[in-house]
Amino acid sequence: MLATGVFLLSYVLIIAEKIHRTVVALSGGAILILAGIISQEEAVKAIDFNTIGLLVGMMLIVSITRRSGVFEYLAIKAARLARGEPAAIMVYLATVTAILSAFLDNVTTVLLIVPVTFAIAGQLKINPWPFLIAEVLASNIGGTATLIGDPPNIMIGSAARLGFVDFLVNLTPVVVVIHLFTVAGLWLIYRRQLVVSPELKAEIMQLDENEQIKDGVLLRKSLAVLALTILGFLVHQYLHLESATIALAGASLLLLITREDPAYVLQAVEWPVIFFFVGLFILVGGLVETGVIETLARESLQFTGGRLTATAMLILWLSAIASAFIDNIPFVATMIPLIQDMGRLGHLPSLLPLWWALSLGACLGGNGTLIGASANVVVAGMAEKRGVFISFVDFMKVAFPLMIISIIISTLYLWLFYLQ
């Protein structure tokens with residue numbers, strides 16, 4: 001009861017956002033250890049250092065790469081490829097965001113793309129809102145495609161021993177379809193608002209993307225190491241290496257060849273996010289140690305009758321709706337041991353459909369509301385600083401129906417390819 005109480009209270013405080021979520025998670029973990037619910041040794045074992053290492057490694061690589069100006073280059077290039085046509089620019093920027101989010105952290109991607117988006121919208125003298133919502137949705141959709149694209153996938157991959165190729169092969173096809181449906185929906189919604197004069201389009205065509213590259217040598221080194229790191233992700237299972245080892249090795253190599261100051265680079269690591277994970281893993285470890293997770297697994301199997309299809313659909317839709325209103329990271333941290341216990345207790349033929357259902361539901365569900373994912377909140381904050389207020393209701397009116405469509409597509413995909 002104490003473990004459950006501390007977990008639920010932590011969850012409520014995380015949702016309320018009155019206290020920083022990292023403080024809440026670490027405090028909750030500390031209470032469990034101090035109360036003797038879980039020992040310090042068990043708490044350390046509960047922390048998934050593969051997830052932690054992968055996040056830190058990729059944050060270091062992005063921190064160095066962003067100084068080259070390559071991300072700003074891509075945004076300007078996309079605008080020029082669209083020939084200054086606002087609706088086409090929205091589609092191009094959303095696609096660039098989705099592709100970058102498949103290989104970088106979602107929050108990092110929007111932090112890089114949004115300032116350039118405001119510059120382009122300013123040149124065109126139109127409301128940046130359609131561009132911003134397209135980028136938010138695309139960042140969460142693109143992040144679903146790969147092992148490293150979204151923290152929930154990193155956690156799932158580590159727990160289920162699934163590699164980069166597994167996510168790429170199994171989730172990228174449906175993610176591409178969902179992205180196409182989403183940008184088509186956004187185009188239908190906003191096409192009449194995205195009309196500007198030929199003179200303003202010509203101004204966009206005069207922008208030079210090459211001016212955004214600040215350091216050509218750094219760019220070449222960064223892209224070479226990033227390519228090597230992605231290659232490492234593609235083959236890490238065959239080399240019997242963890243994904244964290246690949247990410248940290250790539251970060252170490254980039255630090256070595258660029259001679260960047262480690263103190264400066266390490267400042268760019270989102271340490272609050274890292275320690276939020278640490279506290280969260282301890283909180284969930286307390287539920288595992290006290291048998292709460294096993295009890296939930298038994299009840300869920302009883303509800304679905306232990307049928308694989310019913311269980312997968314329950315996980316997909318529950319994950320999507322829950323992740324629209326609460327942070328998907330603590331939700332996935334709770335669901336992982338639950339699914340593991342379902343497999344152990346229910347003797348299910350394969351857990352793979354359940355892992356894909358959890359990934360699709362949790363990552364795509366974050367698009368449902370303004371608080372569903374970290375990238376959503378970050379973009380809203382950046383917009384507010386620039387005088388553009390994004391309300392919860394306005395965001396939800398557009399985003400929630402598109403999220404439901406993405407989950408319907410995911411339902412059909414899982415049923416056709418994994419549950420027949």
Side-chain angles (χ1 to χ4, degrees), residues 22 44 47-68 70-71 99-112 139 142-168 218-281 329 332-333 336 359 363 374-375:
T22 302
V44 171
I47 298 168
D48 187 339
F49 285 98
N50 188 51
T51 297
I52 301 296
L54 181 51
L55 281 170
V56 170
M58 291 309 295
M59 285 176 182
L60 289 171
I61 291 172
V62 170
S63 168
I64 298 171
T65 305
R66 71 187 300 176
R67 292 186 58 234
S68 68
V70 64
F71 303 111
I99 293 169
L100 287 176
S101 292
F103 300 99
L104 309 175
D105 175 71
N106 291 3
V107 173
T108 301
T109 302
V110 295
L111 283 171
L112 296 166
S139 72
T144 312
T146 67
L147 169 69
I148 59 174
D150 214 2
N153 281 2
I154 296 172
M155 297 162 72
I156 292 166
S158 183
R161 314 295 293 177
L162 295 169
F164 190 89
V165 175
D166 295 318
F167 279 87
L168 199 66
L218 179 62
L219 174 63
R220 287 190 291 274
K221 289 179 179 178
S222 298
L223 292 182
V225 171
L226 193 57
L228 274 175
T229 304
I230 292 169
L231 178 63
F233 286 134
L234 292 172
V235 299
H236 76 98
Q237 285 173 294
Y238 310 107
L239 299 175
H240 306 292
L241 294 171
E242 294 287 357
S243 51
T245 303
I246 301 296
L248 289 169
S252 302
L253 176 60
L254 192 54
L255 279 166
L256 186 66
I257 64 175
T258 59
R259 302 292 180 89
E260 292 284 328
D261 182 1
Y264 174 79
V265 175
L266 285 167
Q267 285 176 4
V269 174
E270 295 174 47
W271 293 112
V273 173
I274 300 302
F275 281 97
F276 171 64
F277 273 103
V278 170
L280 194 60
F281 284 132
I329 294 171
V332 168
I336 284 171
S359 174
C363 295
S374 300

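FYI, the numbering just counts along the sequence from 1. The model shown is predicted, which means the values in this text are computed figures rather than measured ones.
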Engineer: Walk me through whether L266 and L60 qualify under side-chain contact (heavy atoms from CB on, under 4.5 Å).
Structural biologist: CA-CA 7 Å; L266 285 167; L60 289 171; 3.7 Å; yes

Engineer: I'd like to check L254 versus E260 (side-chain heavy atoms, cut-off strictly below 4.5 Å). Are they in contact?
Structural biologist: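 No, their side chains stay 4.5 Å or more apart.
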
Engineer: Given the rule in the side-chain contact (heavy atoms from CB on, under 4.5 Å) test, do F49 and V278 qualify, once you have shown the distances and angles that lead to the verdict?
Structural biologist: CA-CA 9 Å; F49 285 98; V278 170; over 6 Å; no

Engineer: Tell me the closest heavy-atom pair linking V332 and P152, and the distance in Å.
Structural biologist: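 What the structure gives for the nearest pair is CG2-CB, 3.7 Å.
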
Engineer: Looking only at heavy atoms, which two atoms of G157 and L147 are closest? And how far apart?
Structural biologist: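 Smallest interatomic distance, heavy atoms only, reads CA-CD1, 3.8 Å.
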
Engineer: Hey, could you give me the CD1/CZ distance between I47 and F281, rounded to the nearest 0.5 Å?
Structural biologist: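 So the CD1 of I47 and the CZ of F281 are separated by 8.5 Å.
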
Engineer: For A247 and T229, which heavy atoms make the closest approach, and how far apart are they?
Structural biologist: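 Smallest heavy-atom distance, with atoms named: CA-CG2, 4.4 Å.
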
Engineer: Could you tell me which residues satisfy side-chain hydrogen bond (donor to acceptor under 3.5 Å, both in side chains) with N50, sequence neighbours excluded, listed by chain and number?
Structural biologist: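 Listed in chain order: S158, S243.
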
Engineer: Measure the CG-CZ distance between L231 and F164 for me, rounded to the nearest 0.5 Å.
Structural biologist: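 Between L231 CG and F164 CZ, I get 10.5 Å after rounding to 0.5 Å.
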
Engineer: Run the side-chain contact (heavy atoms from CB on, under 4.5 Å) check on M59 and V56 step by step: do they pass?
Structural biologist: CA-CA 5 Å; M59 285 176 182; V56 170; 5.6 Å; no

Engineer: Work out which heavy atom in A251 is nearest to a heavy atom in G57; give both atom names and the distance.
Structural biologist: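 The answer is CB-O, 3.6 Å.
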
Engineer: Quick check for you: to the nearest 0.5 Å, what is the distance between L255 atom CG and D261 atom CG?
Structural biologist: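 Answer for the CG-CG pair, L255 versus D261, is 9.5 Å.
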
Engineer: Would you confirm whether T245, through its side chain, and L241, through its main-chain N or O, come within 3.5 Å as a donor-acceptor pair?
Structural biologist: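 No.
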
Engineer: Name all pairs fulfilling the salt bridge (charged side-chain N to carboxylate O under 4.0 Å, His left out) condition that reach into residues 221-232, sequence neighbours left out, sorted by first residue then second.
Structural biologist: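 Not a single pair qualifies under salt bridge (charged side-chain N to carboxylate O under 4.0 Å, His left out).
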
Engineer: Taking D150's backbone N and O only, do any of them form a donor-acceptor pair with N153's side chain (distance below 3.5 Å, no angle check)?
Structural biologist: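 A pair under 3.5 Å: no.
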
Engineer: Would you say the side chain of W271 lies within less than 4.5 Å of the side chain of T22, judging by non-hydrogen atoms?
Structural biologist: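 Not touching, per the 4.5 Å side-chain cut-off.
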
Engineer: Can you tell me how far apart CD1 (I148) and CD1 (I246) are? Round to the nearest 0.5 Å.
Structural biologist: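 Interatomic distance, I148 CD1 to I246 CD1, rounded to 0.5 Å: 11.0 Å.
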
Engineer: Going by salt bridge (Lys or Arg N to Asp or Glu O under 4.0 Å), name the residues that satisfy it together with R161, two or more places apart in sequence or in a different chain.
Structural biologist: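 R161 satisfies salt bridge (Lys or Arg N to Asp or Glu O under 4.0 Å) with E242 only.
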
Engineer: Looking only at atom types and distance, does a side-chain atom of S222 sit under 3.5 Å from a main-chain N or O of L219, one as donor and one as acceptor?
Structural biologist: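 No.
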
Engineer: Supply the atom-to-atom distance I52 CD1 to L248 CG, rounded to the nearest 0.5 angstrom.
Structural biologist: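 Rounded to the nearest 0.5 Å, the CD1-CG separation comes to 11.0 Å.
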
Engineer: Shortest non-hydrogen contact from V225 to G250?
Structural biologist: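 So the two residues come closest at CG1-O, 3.3 Å.
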
Engineer: Rounded to the nearest 0.5 Å, what's the gap from CG on L218 to OG1 on T65? Could you check?
Structural biologist: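 Nearest 0.5 Å value for the CG-OG1 distance: 7.0 Å.
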
Engineer: May I ask you to decide if A102's main-chain N or O and T146's side chain share a donor-acceptor pair within less than 3.5 Å?
Structural biologist: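 Such a contact is found between T146 side chain and A102 backbone.
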
Engineer: Apply side-chain contact (heavy atoms from CB on, under 4.5 Å) to residues S63 and V269 and explain how you reach the verdict.
Structural biologist: CA-CA 8 Å; S63 168; V269 174; over 6 Å; no

Engineer: Looking at side-chain heavy atoms only, is the closest gap between T109 and F103 below 4.5 Å?
Structural biologist: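 They are not in contact (no side-chain heavy atoms under 4.5 Å apart), so the answer is no.
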
